[in-house]
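Data first, discussion second: the structure below is written as structure tokens.
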There are 2 protein chains.
Amino acid sequence: MKHVTIKDVAKRLNVSVSTVSRAFNDKYDIRKDTKELILKTAKEMGYHPNPIAKKLSQNRSLNIGVVIPEIINEYYSEVIIALQEFLIYKGYQVLVMQSDENGEQELKNVKTLINNMVDGLIIAPTTGNSNMDFYRQRINDGYPIVFLNRVDDSAPGSKVIFNNEKWSFFATEHLIRQNLNKIYHFSGYLDMCVSQERIQGFKKAMNKHKISKENYKIIEAGLLPEEGMEVIEDLIFHHDIPDAIFCVNDMVALGAIKKLKDNGYRVPEDVAVVGFTETRMAELVSPQLSSVKQPTYDMAKKAGELLLRHIEDENAPAETIIMNGEFTIRKSSVKNSSAGYL
Amino acid sequence: MKHVTIKDVAKRLNVSVSTVSRAFNDKYDIRKDTKELILKTAKEMGYHPNPIAKKLSQNRSLNIGVVIPEIINEYYSEVIIALQEFLIYKGYQVLVMQSDENGEQELKNVKTLINNMVDGLIIAPTTGNSNMDFYRQRINDGYPIVFLNRVDDSAPGSKVIFNNEKWSFFATEHLIRQNLNKIYHFSGYLDMCVSQERIQGFKKAMNKHKISKENYKIIEAGLLPEEGMEVIEDLIFHHDIPDAIFCVNDMVALGAIKKLKDNGYRVPEDVAVVGFTETRMAELVSPQLSSVKQPTYDMAKKAGELLLRHIEDENAPAETIIMNGEFTIRKSSVKNSSAGYL
DNA sequence: TTGTAGGCGTTATCAC
DNA sequence: GTGATAACGCCTACAA
């Protein structure tokens, strides 16, 4: 099982290693037929260039580091898939590490990856964005980093983000337009910029439609089903049931719906519910969940493209790409289907 | 941003590179205080051993390849997490590739990883196990490969699998014990050994309890919610509604439940439903879904341990580890709660 | 205990 | 167009 090396091929054909090397790297002059001969016999001999040696001599790893909050999260699963597909196609390997929504773990991951000589990093920061100073420093040093989601305009360097405010606004307006009185927003952790942006959209809709402050509430839930459950249970306990709830994501929405049902409330008849960052569950639950879909795959791919641009040209300008999604209205948020929403 | 190398450290301390190298690799004799001095100044200088050079000189990549059917699948997300944690801790990097339930893609992935010099492979084969001959060949050549899930006893080499038959038997028996008449099994793709094993368990329970063949059916569904939906819709169309359904996994179960409800059937009152390979959704849906939980994390970790054993000792004997799980009974499968099941 | 030197498989800079 | 040869950064006999 010994690996065939460039030397073996050279010896077999009585040419020098450099010639063989040239045959595999288009950038040098080499006679066409010698090239073809080399490629052919190399294939016969089962030769594959050793990527590790290549990396060493070129002083680049051809590895890209990807740091995400959690793999068990449809959004980031899709991110990984998209990134893998694109980057492998471009000749890179992808090293994925997850931070468990923990800033320290995130920093550890990033340092591990840097020590492993990745050529660049794609980072979806965890709650709190606590390592921004460190990243800013690296970016200033010229280290290629692209942020994905989880940051706002103010983050340094290049980034691909979703227009949370806008789509949160639309989702909220959809509820307002049904003349619902009390509309609550179950927000994500308040120290996440994504949460803040969705809150902004929610407030903007309230202001535009002149809803008075007594008729809406913003309650910090989190990102997990359990957190949606807790919040709604608390509301039920205090007999403070809204007509509609706009949740920071589908998981919180599903948790809320579960507990509403368990307590005898009907969705959407008693309480209309809207989610965000559509998951595959949205269509699978009863009632089906209205939600805002993000172009996850494209966002990730864009981040990959941006990163490669920075790796290949260290003077490439920082870019901020803000993407849009779509809002799909399903049963969970339509109280009166004659209203023409479905 | 130039990387500090072993030479820089050596020069600074007026020692040889080998001494520095030794300081970082415990296996050679070196005086304790020189070692400490070297480690200390190396740290000051910001030196980190270059893993790529290390790999080249040691002729091993310290990379492990992991090939799974799909990342968007809670089971395999967890597998990745477990493997990452364990292998990174052991000094390895993990390269994950997914096959999209496609045998050709799987083979491509494996070859890519081998060409990238991974030191070993953990493979969860896709439907059909079409590449077993190729793997058998590699294993005979001494290439370290461990299979995870998705294979049966007959697969070559080491493997970590779940006792599907046993737990499928238990789940089925739970339904039989409620004196339900018609019990159907929505199976996975018939060319998956996992499906076959679960079918075996189902049949075994039927035989043990002497259920006549008219009273049960095995219908091939698949692995996706949509496939569960299709099967149940067909049954509804033919007015062939069973008293209980045991599904090959939670996704198929959720699909079936959805369509049952859409068509006015109550779960579990009209139809009891059981899933398999418990997902986080099991507790989140209404009614909560009874399901068999697999020790995913432990299975993956075991696979990692086995692989390292093979990498470190090429004469390590092939091992087959069969794991057990637990069956959690929830509302979806209990028709009469006075029966004492809940 | 420490230093010297050759090798890991490539690429890249020279000559020729 | 092709061949020597010195890197790339580290490990590891072997010698001292």
Side-chain angles (χ1 to χ4, degrees), chain A residues 1-39 41-43 45-63 91-93 114-119, chain B residues 1-39 41-42 45-63 91-93 114-119 312:
Chain A
M1 257 323 254
K2 186 121 173 29
H3 273 277
V4 185
T5 77
I6 205 171
K7 277 184 195 163
D8 301 323
V9 180
K11 202 170 290 169
R12 172 85 103 85
L13 288 173
N14 273 319
V15 295
S16 70
V17 287
S18 12
T19 308
V20 179
S21 176
R22 277 190 267 264
F24 278 90
N25 299 283
D26 284 324
K27 40 187 167 179
Y28 295 100
D29 287 341
I30 182 171
R31 219 172 55 218
K32 206 177 168 192
D33 46 341
T34 58
K35 172 171 173 176
E36 277 165 8
L37 179 64
I38 290 172
L39 256 33
T41 50
K43 193 168 184 183
M45 299 174 69
Y47 166 75
H48 292 281
N50 180 334
I52 297 175
K54 187 173 195 160
K55 289 165 186 185
L56 182 61
S57 79
Q58 291 188 150
N59 234 326
R60 47 196 292 228
S61 69
L62 290 171
N63 280 174
Y92 287 84
Q93 280 175 179
I114 291 181
N115 289 342
N116 272 285
M117 309 261 152
V118 293
D119 294 335
Chain B
M1 259 318 257
K2 184 118 175 29
H3 274 276
V4 185
T5 77
I6 205 172
K7 275 185 197 164
D8 302 322
V9 180
K11 200 170 290 168
R12 172 85 103 84
L13 287 172
N14 273 321
V15 296
S16 71
V17 286
S18 33
T19 307
V20 179
S21 175
R22 280 189 267 265
F24 278 89
N25 299 284
D26 284 323
K27 41 189 165 178
Y28 294 99
D29 288 340
I30 181 171
R31 219 173 53 219
K32 205 176 168 194
D33 47 340
T34 58
K35 173 172 172 176
E36 277 165 7
L37 179 63
I38 288 173
L39 257 30
T41 50
M45 298 174 70
Y47 167 76
H48 293 282
N50 179 336
I52 296 175
K54 187 171 195 164
K55 288 166 187 185
L56 184 60
S57 74
Q58 294 188 147
N59 232 328
R60 47 197 293 230
S61 68
L62 290 173
N63 280 173
Y92 287 84
Q93 279 176 178
I114 292 180
N115 289 342
N116 273 286
M117 310 260 153
V118 292
D119 294 335
E312 279 154 21

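The chains referred to below are lettered A, B, ... by the order of the sequence lines, with proteins before strands, and numbering in each begins at 1. The model shown is predicted, which means the values in this text are computed figures rather than measured ones.
- The bend of the helix from dT1(C)-dA16(D) to dC16(C)-dG1(D), defined by the angle between the axes of its first five and last five pairs, stands at 40° to the nearest 10°.
- Closest non-hydrogen pair, V15(B) versus V20(B), comes out as CG2-CG2, 3.8 Å.
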Checklist line | CA sep, side-chain torsions, deciding dist, call: M117(A), K55(A), side-chain contact (heavy atoms from CB on, under 4.5 Å) | finding: CA-CA 10 Å; M117(A) 309 261 152; K55(A) 289 165 186 185; over 6 Å; no

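- What you find for I38(A) and A23(A) is that their closest heavy atoms are CG2-CB, 3.6 Å.
- Residues S21(B) and S18(B) bring no donor and acceptor atom of their side chains to less than 3.5 Å of each other.
- Of the two residues near DNA chain C, A53(B) and R31(B), the one whose nearest nucleotide lies more 5' is R31(B).
- Between K7(B) atom NZ and dA5(C) atom P there is a gap of 14 Å when expressed in whole angstrom units.
- Residue P51(A) is classed as having no contact, given no heavy-atom separation below 4.0 Å to the nucleic acid.
- With values rounded to the nearest 0.5 angstrom, R12(A) atom CZ is found 6.5 Å from T41(A) atom OG1.
- Side-chain atoms of N50(A) come within 3.5 Å of backbone atoms of I52(A) as a donor-acceptor pair (strictly under, hydrogens ignored).
- Atom NZ of K54(A) and atom P of dG9(D) are 18 Å apart (whole Å).
- What you find for V4(A) and M45(A) is that their closest heavy atoms are CG2-O, 3.2 Å.
- Heavy atoms of Y47(A) sit under 4.0 angstrom from primed sugar atoms or phosphate atoms, though from no base atom.
- In this structure, Y92(A) and N63(A) approach most closely via the heavy-atom pair CD2-N, 4.1 Å.
- In this entry the distance linking CG of N59(B) with P of dT10(C) reads 11 Å, nearest Å.
- For H48(B) and dG9(D), the NE2 to C1' distance is 15 Å, given to the nearest whole Å.
- Of all the heavy atoms in S61(B) and V118(B), the pair that sits closest is OG-CA, 3.4 Å.
- Distance NZ (K35(B)) to P (dT1(C)): 12 Å, rounded to an integer number of Å.
- Rounded to whole Å, the distance from NZ on K55(B) to P on dT10(C) is 16 Å.
- One can place CZ of R22(B) at 14 Å from P of dC14(D), the figure rounded to the nearest angstrom.
- Candidate nucleotides dT10(C), dC10(D), dC11(D) were compared by shortest atom distance to the side chain of N50(A), and dT10(C) ranks first.
- Nearest to the side-chain atoms of S57(B) among the listed nucleotides dT10(C), dA12(C), dC10(D) stands dC10(D).
- Rounded to whole Å, atom C1' of dT11(C) lies 14 Å from atom CD1 of I52(B).
- The stretch residues 10-21 of chain A touches DNA chain C through S18(A), S21(A), each having a heavy atom within less than 4.0 Å of the strand.
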